[in-house]
A.B. asks: 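Below you'll find the structure I mean.
Here the structure is a predicted model, which means the values were calculated and not measured.
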Amino acid sequence: EKWGEKGARRCDANEIDRLEMSLRQPQSMVNYTSTGFKKLKAPKPLWDMLQNYWNQNKDNKQEENWGIGNVYTNNWEAPTYMVSVENSVLRGGGQKFKNEIWNAARPTIEAWTG
């Protein structure tokens with residue numbers, strides 16, 4: 001084991017939490033469509049903004065830190081990577097860009113959720 005006994009205990013505790021959440025969460029979910037989701041294209045300005053950011057920064061991915069005992073990915077065997085829009089070190093990234101994304105997505109989300 002990558003984290004030994006301490007990791008095993010945390011893994012077990014996280015798995016119990018995950019299973020309990022799986023039982024609780026559906027009761028509080030609200031479906032906005034009969035299937036519970038809606039697939040649509042992102043508005044072009046939003047898509048262009050994200051695609052431009054990706055093209056500028058895709059070679060600067062960083063390994064995600066899931067913490068000891070995380071059970072949502074098998075990151076101890078297959079690390080996951082991310083190009084975060086919140087990363088102000090990356091070209092164009094940071095809180096301002098994150099706000100621009102939300103502002104560009106807001107009308108579509110509001111039209112869907114009411």
Side-chain angles (χ1 to χ4, degrees):
E1 291 285 327
K2 183 174 180 177
W3 292 291
E5 183 60 32
K6 178 181 179 182
R9 284 193 310 271
R10 285 194 188 174
C11 185
D12 289 344
N14 285 339
E15 179 66 2
I16 290 167
D17 288 345
R18 185 189 69 79
L19 292 172
E20 288 175 353
M21 181 177 65
S22 293
L23 295 173
R24 284 189 321 267
Q25 196 173 38
Q27 301 166 24
S28 64
M29 296 301 297
V30 175
N31 290 338
Y32 294 100
T33 67
S34 60
T35 56
F37 64 91
K38 183 176 183 179
K39 181 179 176 182
L40 52 94
K41 288 189 176 196
K44 184 162 177 29
L46 172 61
W47 177 253
D48 290 345
M49 182 186 319
L50 292 169
Q51 189 168 33
N52 182 50
Y53 183 77
W54 171 253
N55 287 333
Q56 291 180 60
N57 295 293
K58 63 186 173 187
D59 296 326
N60 297 314
K61 64 185 180 186
Q62 294 183 333
E63 187 173 338
E64 292 183 283
N65 180 4
W66 288 92
I68 297 172
N70 180 278
V71 295
Y72 293 98
T73 69
N74 67 336
N75 60 85
W76 55 92
E77 289 186 19
T80 59
Y81 298 88
M82 183 169 156
V83 177
S84 175
V85 299
E86 297 174 330
N87 188 341
S88 60
V89 174
L90 297 179
R91 186 172 180 190
Q95 189 61 43
K96 181 177 181 280
F97 183 55
K98 182 178 176 181
N99 290 340
E100 290 171 358
I101 292 168
W102 279 113
N103 290 335
R106 181 174 283 114
T108 302
I109 295 169
E110 288 176 347
W112 181 43
T113 61

A.B. asks: So which atom in Arg91 and which in Asn57 form the shortest heavy-atom distance, rounded to 0.1 Å?
C.D. replies: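 Shortest heavy-atom separation between Arg91 and Asn57 comes out as O-ND2, 3.0 Å.
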A.B. asks: Linking Ile, Leu, Val, Met, Phe, Trp and Tyr through side-chain heavy atoms less than 4.5 Å apart, which residues share a cluster with Leu19?
C.D. replies: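 Once heavy-atom contacts under 4.5 Å are chained together, Leu19 still belongs with nothing else.
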A.B. asks: Residues two or more places apart in sequence or in another chain: which of them pass salt bridge (charged side-chain N to carboxylate O under 4.0 Å, His left out) with Lys98?
C.D. replies: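 Checked Lys98 against salt bridge (charged side-chain N to carboxylate O under 4.0 Å, His left out); matches are Glu86.
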A.B. asks: Would you say CG of Asn65 has more than 12 non-hydrogen atoms from neighbouring residues, nucleotides or ligands within 6.0 angstrom?
C.D. replies: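 Counting neighbours around CG of Asn65, 12 or fewer heavy atoms of other residues, nucleotides or ligands fall under 6.0 Å, so no.
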A.B. asks: Minimum heavy-atom separation for Ala104 and Pro43, please, with both atom names.
C.D. replies: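 The answer is O-CG, 4.3 Å.
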A.B. asks: I'd like to know if the side chain of Asn14 reaches the main chain of Gly69, judged simply by a donor and an acceptor atom lying under 3.5 Å from each other, with no hydrogens or angles considered.
C.D. replies: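 Yes; judged by distance alone, with no hydrogens or angles, the pair exists.
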A.B. asks: For Asp12, check salt bridge (charged side-chain N to carboxylate O under 4.0 Å, His left out) against everything at least two apart and list the hits.
C.D. replies: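 Result, salt bridge (charged side-chain N to carboxylate O under 4.0 Å, His left out) vs Asp12: none returned.
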A.B. asks: Would Met21 and Asp17 count as a side-chain contact (heavy atoms from CB on, under 4.5 Å) here? Give the steps.
C.D. replies: CA-CA 6 Å; Met21 181 177 65; Asp17 288 345; over 6 Å; no
A.B. asks: Measuring from atom NZ of Lys58 to atom CD of Gln51, what distance do you get when rounded to the nearest 0.5 angstrom?
C.D. replies: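 Nearest 0.5 Å value for the NZ-CD distance: 9.0 Å.
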A.B. asks: NZ/Lys61 to CG/Asn87 distance, rounded to the nearest 0.5 angstrom?
C.D. replies: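 Between atom NZ of Lys61 and atom CG of Asn87 there are 15.0 Å.
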A.B. asks: Who are the side chain to side chain donor-acceptor pair (under 3.5 Å) partners of Trp102, not counting sequence neighbours?
C.D. replies: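 Not a single residue meets the side chain to side chain donor-acceptor pair (under 3.5 Å) criterion with Trp102.
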A.B. asks: Within this structure, what is the CH2-CD1 distance for the pair Trp76 and Ile68, rounded to the nearest 0.5 Å?
C.D. replies: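 Rounded to the nearest 0.5 Å, the CH2-CD1 separation comes out at 12.5 Å.
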A.B. asks: Which residues satisfy the side chain to side chain contact (heavy atoms under 4.5 Å, CB included) test with Asn103, sequence neighbours excluded?
C.D. replies: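 With neighbours one apart ignored, the set is Arg106.
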A.B. asks: Under the rule for side chain to side chain donor-acceptor pair (under 3.5 Å), what residues qualify as partners of Asn99, not counting sequence neighbours?
C.D. replies: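 Gln95.
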A.B. asks: Connecting only ILVMFWY residues whose side-chain heavy atoms lie within less than 4.5 Å of each other, what is the rest of Leu23's hydrophobic cluster?
C.D. replies: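 Joined to Leu23, directly or through intermediates: none.
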A.B. asks: Tell me who clusters with Val83, hydrophobic residues only, linked when side chains sit under 4.5 Å apart either directly or through other members.
C.D. replies: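 Via sub-4.5 Å side-chain contacts, Val83 links to Leu46, Met49, Leu50, Tyr53, Trp54, Val85, Leu90, Phe97, Ile101.
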A.B. asks: For Lys39, what residues pass the side chain to side chain donor-acceptor pair (under 3.5 Å) criterion, not counting sequence neighbours?
C.D. replies: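 Not a single residue meets the side chain to side chain donor-acceptor pair (under 3.5 Å) criterion with Lys39.
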A.B. asks: Who pairs with Asn52 by side chain to side chain contact (heavy atoms under 4.5 Å, CB included), at least two apart in sequence or on another chain?
C.D. replies: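 For Asn52, the residues satisfying side chain to side chain contact (heavy atoms under 4.5 Å, CB included) (neighbours in sequence not counted) are Gln56.
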A.B. asks: List, by chain and number, the other hydrophobic cluster members for Ile16, where Ile, Leu, Val, Met, Phe, Trp and Tyr join if side-chain heavy atoms come within less than 4.5 Å, directly or indirectly.
C.D. replies: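 Taking Ile, Leu, Val, Met, Phe, Trp and Tyr as members, Ile16 stands alone, with no cluster partners.
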A.B. asks: Residues two or more places apart in sequence or in another chain: which of them pass side chain to side chain donor-acceptor pair (under 3.5 Å) with Lys96?
C.D. replies: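 For Lys96, the residues satisfying side chain to side chain donor-acceptor pair (under 3.5 Å) (neighbours in sequence not counted) are Glu100.
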A.B. asks: Is there a side-chain contact (heavy atoms from CB on, under 4.5 Å) between Arg18 and Tyr72? Walk through the geometry before answering.
C.D. replies: CA-CA 8 Å; Arg18 185 189 69 79; Tyr72 293 98; 3.8 Å; yes
